[in-house]
Amino acid sequence: MTARPPGPHDSLPNTHDRKDSTMNDHAPRISVIGTGYLGATHAAAMAEMGFDVVGVDADPKKVQALSRGDVPFFEPGLPELLRRHVDSGRLRFTSDLADAVAVSDVHFVCVGTPQRVGSFAANLDHVQEATRAVAKAMTHDGVIVGKSTVPVGTAATLRAMIEPLIAEGVHAELIWNPEFLREGMAVEDTLHPDRIVLGGTTESSEAVMRRVYAAPIAVGAPVITCDLPTAELVKVSANAFLATKISFVNAIAEVCDAAGADVSVLADALGHDARIGRRFLDAGLGFGGGCLPKDIRALMHRSAELGAFSAASLLQQVDEINMGRRQLIIDRAVEALYGSVLNRRIAVLGAAFKPHTDDVRDSPALNVAAALHLRGAQVVVWDPEAVPTARRDFPTLSYAQDLESAVRGADLTLVLTEWPEFVQADPAVLARLVRDPQVVDARNCLPAAAWEEAGWTVLRSGAPDADAPQRPRSRTEARSPRRVAELVAR
Ligand code: UGA
């Protein structure tokens, strides 16, 4: 017989009616508060691991959609997982938090912590509200598990905040268990976490959490137990490190540009050093999304509050370098169009902040597209998944139906998100559609030789630019009568 990871019900009588049942006999029943990317994925993954799960969201439309098995955002594999467990009855969704908490033992708080308006600090309103509501609703012993990304010190404040709210005779513990899932890989990352961090546990809450994560632990996921502030900081430091790695390679890309070196080859060579590693060394347009930018800013803010100025100034620089990448690509586009984008048709390939998601939060691609649009370019955007979300946030941009219609008649093509659809596109076919076969490969993702062979001029950052000497050096040169005549004659 082959060994299998222990299931949540192994050797556990299923008694759902005892006040002190959490820590003892039956499989912990789970509530997940907040059903965004993190919560919806976590709820479905917990059901997949064999638990009874109730997902809670204040938005009734979201609850209705999820209850039908519909995921209101694009995340590969999640609709299938969700539908399977909604159908099996192991997973349900409700707006009634008190009801969900009453039938559960472990309560995961997965609500958002967006950047506060007018500040770099995180907005903790939702976390406080959700935690308070759970504490008030607890009718029996249980563990409140913070999963949201929060500034260090938050969990201790929450502990103090809920203490007077817990009903007499109920034993409640608040611990922190940060999440490291990546959008586009959320299901895989949640089912097979590369580490499980448990902050502020006691012996009994650690035992409960080890049962909750029995499946990944059985296949080797390391468990790190620590205090609350360490757990909170592990999460933001991980994102800060990833952001720093990206900004590092982008800073080196600038040196490569100046020196005529190739940053992609350099990154490959660096990556062979196991101490460095190749991942997150892709130079280009830099990072965006709902996590890295806001998390480094919140950490910058919190570090400064705590007087830890080295971290604050390092992250400031990381952010500056990152935002500079967007400007660099805008400048490249202007330069490629000889100094002015006015009324020039620009095909923007990519709207999502990275491939395999429809998330456009702080998307570098849309930032560039919008800036060029505001300078008078006719920008046409195409993305395999993110057109509807992009249209919602940037309704004044034009959107194409497909790749071919996006590039048709383009004076310039920008590849701003490295979707496989763009990387694998046939450059010869696209070259026949555009007005001028010049592409800014802002993610250094295209097979440049094949594109050049198909007649394209490929402009990359951090790569030797074969065409550079022939390009106009200045605005005056760009506007010279000869240049204008050339353009008109095309
Ligand atoms: C990030 C972290 O990777 C997760 O571990 C974390 O759990 C998550 O934030 C979170 O806090 O919830 P995610 O926002 O999904 O995940 O995106 P990443 O895959 O980290 O990519 C972030 C950005 O960096 C993207 O815009 C991507 O294009 C960019 N990037 C990534 C680069 O510019 N270069 C690289 O080499 C890698």
Side-chain angles (χ1 to χ4, degrees), residues 34 36-42 73-76 110-115 122 147-150 177-190 192-197 232-253 263-264 266-268 270-271 276-299 318-319 321-326 328-329 350-368 383 386 415-419 422 441-445 461-462:
Y37 278 102
L38 167 58
T41 312
H42 189 68
F73 48 86
F74 176 76
E75 185 59 47
C110 296
V111 293
T113 50
Q115 191 176 320
K147 258 201 174 301
S148 306
T149 302
V150 291
N177 167 223
E179 178 58 55
F180 304 99
L181 67 79
R182 295 160 294 173
E183 286 181 23
M185 294 293 288
V187 170
E188 170 66 17
D189 287 350
T190 311
H192 307 288
D194 50 16
R195 75 282 215 193
I196 296 163
V197 175
E232 292 167 318
L233 264 180
V234 168
K235 165 67 193 197
V236 285
S237 308
N239 278 0
F241 185 78
L242 294 173
T244 305
K245 207 170 170 190
I246 297 167
S247 279
F248 170 81
V249 79
N250 279 329
I252 296 296
V263 74
S264 301
L266 179 143
D268 289 344
L270 288 184
I276 298 174
R278 177 63 180 83
R279 293 163 82 187
F280 276 69
L281 277 185
D282 290 325
L285 188 48
F287 58 82
C291 303
L292 260 49
K294 88 162 167 68
D295 288 354
I296 60 161
R297 287 172 189 166
L299 181 55
V318 167
D319 205 358
I321 294 168
N322 191 53
M323 298 313 279
R325 302 305 288 179
R326 301 177 186 191
L328 177 92
I329 297 303
F353 81 98
K354 67 174 188 178
H356 311 293
T357 177
D358 64 355
D359 195 343
V360 297
R361 284 177 295 170
D362 201 352
S363 166
L366 279 182
N367 190 319
V368 169
D383 187 287
V415 176
L416 303 184
T417 312
E418 66 277 33
W419 282 96
F422 308 150
D441 178 7
R443 292 288 181 183
N444 289 345
C445 62
S461 135

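Quick note: numbers below take in every heavy atom, side chains included, and nothing from hydrogens, waters or symmetry partners. All ligand and atom numbering here is 1-based and tracks the order in the structure.
- In summary, the atoms of ligand 1 found under 4.0 Å from a heavy atom of Glu179, numbered by their order in the structure, are 7 (O).
- A distance of 10.0 Å separates CZ of Phe287 from CG of Asp295, quoted to the nearest 0.5 Å.
- Residue, atom and distance of the protein heavy atom nearest to atom 22 (C) of ligand 1 are Leu292 CD2, 3.8 Å.
- Of the possible donor and acceptor atoms, none in the side chain of Arg443 sits under 3.5 Å from a partner among the backbone N and O of Ala283.
- Ion pair Lys294/Asp362 not flagged as a salt bridge, since none of the NZ, NE, NH1 or NH2 atoms sits closer than 4.0 Å to an Asp/Glu carboxylate oxygen.
- For atom 2 (C) of ligand 1, the closest heavy atom belonging to the protein is Asn239 OD1, 3.4 Å.
- The closest side-chain heavy-atom distance from Val236 to Leu233 is below 4.5 Å.
- Considering only heavy atoms from C-beta on, Glu183 comes within 4.5 Å of Phe353 through its side chain.
- Remark: Cys291 SG to Ile296 CD1 distance equals 12.0 Å, nearest 0.5 Å.
- The part of Leu281 lying near ligand 1 is the backbone, judged by heavy-atom distances below 4.0 Å.
- The proximity of Thr417 to ligand 1, defined as any non-hydrogen pair under 4.0 Å, does not occur for either the backbone or the side chain.
- Between Glu179 and Cys110, every side-chain heavy-atom pair lies at or beyond the 4.5 Å cut-off.
- Atoms of ligand 1 found under 4.0 Å from any heavy atom of Phe287, numbered from 1 in the order shown, are 23 (C), 24 (O), 26 (O), 29 (C).
- The protein heavy atom nearest to atom 6 (C) of ligand 1 is Leu181 O, 3.3 Å.
- Residue-ligand proximity, Ile246 to ligand 1, at heavy-atom distances under 4.0 Å covers atoms 24 (O), 29 (C), 30 (N), 31 (C), 32 (C), 33 (O), 34 (N), 35 (C), 37 (C).
- Ranking the protein heavy atoms by distance from atom 20 (O) of ligand 1 puts Phe280 CZ, 3.3 Å first.
- Atom CG of Asp319 sits about 10.5 Å away from atom CG of Leu292, to the nearest 0.5 Å.
- The heavy atom nearest to atom 17 (O) of ligand 1, considering only Lys354, Glu183, Arg182, is found in Lys354.
- Between Asn239 and Leu299, the closest side-chain pair of non-hydrogen atoms is not below 4.5 Å.
- Other residues, nucleotides and ligands place more than 12 heavy atoms under 6.0 Å from the CZ atom of Phe180.
- Under 4.0 Å from ligand 1, not a single heavy atom of Leu285 appears.
- In terms of polar-atom proximity, defined here as any N/O pair under 3.5 Å, Glu418 makes no such contact with ligand 1.
- Distances below 4.0 Å separate heavy atoms of Asp295 from the following atoms of ligand 1: 11 (O).
- Residue-ligand proximity: Cys291 is placed with a non-hydrogen atom under 4.0 Å from ligand 1.
- The protein heavy-atom contact nearest to atom 26 (O) of ligand 1 is Phe353 O, 2.8 Å.
- The protein heavy-atom contact nearest to atom 36 (O) of ligand 1 is Asp282 N, 2.8 Å.
- The closest approach between Gly284 and ligand 1 stays at or above 4.0 Å for every heavy atom of the residue.
- Here CG of Asn444 is found 8.5 Å from CG of Asp282. Values are rounded to the nearest 0.5 Å.
- Nearest protein neighbour of atom 5 (O) of ligand 1, counting heavy atoms only, is Phe180 O, 2.9 Å.
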**OP:** Give the intermediate values and the outcome of side chain to side chain contact (heavy atoms under 4.5 Å, CB included) for residues Leu281 and Ile276.
**Re:** CA-CA 9 Å; Leu281 277 185; Ile276 298 174; 3.9 Å; yes

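- Neither the backbone nor the side chain of Arg279 has a heavy atom within less than 4.0 Å of ligand 1.
- Residue Arg443 places a heavy atom less than 4.0 Å from ligand 1.
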